[in-house]
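Values in this document were obtained by computation on a predicted structure and should not be read as measured data. In what follows, every chain begins at residue 1, and chains take the letters A, B, ... in the order their sequences are listed.
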Amino acid sequence: MTRLPELEAQLLEAARALDGTRRRWWRIALLGGGTTLALAATAVGAVRLLLPEGDPVPPAPHASVPKLDRGSTRVLSLRAEDPEGGPPWGLAITRNADGRLYCAQVGRVQAGELGVIGRDGTFNDDGRFHPLSPGANQSGTCGAWPPDGDLRMSTDEPPIPASGFTGGFLSAAGGCRENVPASTIPPQTRRKLRDVPVCQAASLRVVKYGFAGRDAVTIRYAGRTLHADPAQSGAYLFVLRPRKRPLTLTITYKDGTVCRSSYPSRVPPLPCPR
Amino acid sequence: MPTDAELLQGDARRFAAFYRRHEDAVLRFFLKRTRSAELAADLTAETFARALEGRRRFDAAHGVASAWLFGIARNVLSRSLERGRVEDDVRRRLGMQPLALDDEALARIDELSDARALRALSALPADQAQAVRGRVIDEHDYEELARRLECSESVVRQRVSRGLRALRTELGGDR
């Protein structure tokens, strides 16, 4: 172990990012003229020990996900701490083969790589860090790549396990399922789910992420405010334990425009500018 | 075992190996000069960030990698002293976050310091301590030191010599 493992991990991540910036589309669309990758995100916490690495997460075939260009995956420098600690959460995007579409993927990050922790039924709870194979998008959150590279995306999804695994719990990676009363599940499905553990309430996370666009100034969610980085198309990522009341996302733009959305819907939405 | 030059020309994991190989030496370098584990960590982070950014420019024909690295370290230190704050330009450019140091990390850095020797140095008469510090820790040559201390080179040599002799006596005669 080094004396400053956090510095070693940051250097490794920065070195990977430097190697990754060679791809032309990424430089043009998200970095601009030598703009910094830094994003005013959650500060890095105490010294973090690296988890041992396990097998990569197998790709999940999704009918709704286009064929992705495996080499185009880029992990943004944006990070969000998990309420329990451990590797932070991050956000990656991958473009499809012809570059017209892109998909976003969240997960836990270690040494600059997006992946999944073996817990919550995933990878037999081995406690290891399992990198997501390049292009192995599990969430299916995709959008059209705008000609000017200014991304806009908003997601509203149910809580996911702290493992960071967003794929199906019947996949080879395993996972846990929602705690749904057995009486509401058809007998055939119930048999399939017999060996699938139920997600513990304490392990669930609301993971709110998206892109507010280059003109966004601040993004506020569940009482937390993030200062948007135009170089990353106003990417945002919030991770918190589930709350009983609906949570509202509020984005403020340079020209003073404010847009707002709530999930589950509570306040009337204010549409975001395009 | 790969050479430093090979590590610098390699991928991200190889640069991490370069960091591990030189971490102690760079931390010790800054610890001696600042006597603060926090400052040493901060300066070390900026030094390696610069080394990372400039690693492809390293040319083994012009010298060994450790000399190149300590050249960066000296530059980071002098610019930080000039500005009155630790340089962080390159870390910001690379998207690196400020280090959060807990007590354990600070203790691991402090292990590198020779606290006894530093205490003995502080106990020397001021003129000798200044001369020894300038020559041994800050690595100024005698001409530079004479200018800084506003005395002749022979006086500086005498102060350094006497100071080192006193330190050897104090620390057991083996240093």
Side-chain angles (χ1 to χ4, degrees), chain A residues 1-22 26-27 30-50 53 74-81 85 87-88 90-91 109-113 131 227 229 231-232 235, chain B residues 7-28 30-31 37-38 40-57 88-113:
Chain A
M1 181 175 145
T2 59
R3 292 180 199 276
L4 294 171
E6 182 193 339
L7 176 58
E8 183 188 352
Q10 285 203 38
L11 288 166
L12 186 58
E13 191 167 340
R16 284 187 169 136
L18 275 179
D19 289 344
T21 53
R22 289 179 191 147
W26 179 258
R27 277 207 307 270
L30 289 180
L31 286 175
T35 326
T36 176
L37 264 171
L39 186 74
T42 315
V44 173
V47 171
R48 214 184 322 260
L49 296 177
L50 299 182
E53 203 166 286
R74 293 293 171 263
V75 181
L76 276 63
S77 59
L78 177 63
R79 298 283 179 273
E81 295 299 310
L91 178 63
V109 178
Q110 179 164 289
E113 280 186 291
H227 295 279
D229 182 359
Q232 296 200 76
Chain B
L7 294 181
L8 286 170
Q9 299 305 321
D11 61 9
R13 283 183 193 276
R14 289 214 149 195
F15 185 79
F18 178 80
Y19 168 76
R20 288 194 295 274
R21 190 178 285 180
H22 295 283
E23 182 198 45
D24 275 6
V26 175
L27 276 170
R28 196 177 281 119
F30 286 125
L31 199 55
E38 279 148 320
D42 220 10
L43 290 159
T44 298
E46 182 66 10
T47 298
F48 278 100
R50 288 184 183 204
L52 169 63
E53 197 180 51
R55 70 194 197 279
R56 306 290 186 214
R57 292 193 295 274
D88 63 354
D89 301 1
V90 179
R91 277 177 288 168
R92 287 157 66 93
R93 197 153 60 231
L94 295 177
M96 292 170 65
Q97 305 286 337
L99 290 175
L101 298 168
D102 59 12
D103 289 345
E104 285 178 19
L106 294 174
R108 286 196 298 270
I109 298 169
D110 276 332
E111 282 170 4
L112 295 168
S113 77

Any chance you could measure Thr2(A), atom OG1, to Arg21(B), atom CZ, to the nearest 0.5 Å?
15.0 Å
Non-hydrogen atoms of [X] and [Y] that approach each other most closely:
| X | Y | answer |
| --- | --- | --- |
| Pro5(A) | Arg108(B) | CD-NH2, 3.7 Å |
| Ala14(A) | Leu52(B) | CB-CD2, 3.7 Å |
| Arg16(A) | Ala12(B) | CG-CB, 3.5 Å |

Does [X] reach the side chain of [Y], with side-chain heavy atoms less than 4.5 Å apart?
| X | Y | result |
| --- | --- | --- |
| Leu101(B) | Leu4(A) | yes |
| Leu7(A) | Met96(B) | yes |
| Glu111(B) | Arg3(A) | yes |
| Gln10(A) | Leu99(B) | yes |
| Leu18(A) | Arg55(B) | yes |

More than 12 heavy atoms of other residues, nucleotides or ligands under 6.0 Å from CD of Glu38(B): is that the case?
no
Counting heavy-atom pairs under 4.5 Å to chain A, which of Ile109(B), Asp11(B), Leu27(B), Asp24(B) comes out on top?
Asp24(B)
Would you mind checking which part of Tyr19(B) comes under 4.5 Å of any heavy atom in chain A, side chain (CB onward), backbone (N, CA, C, O), both or neither?
side chain
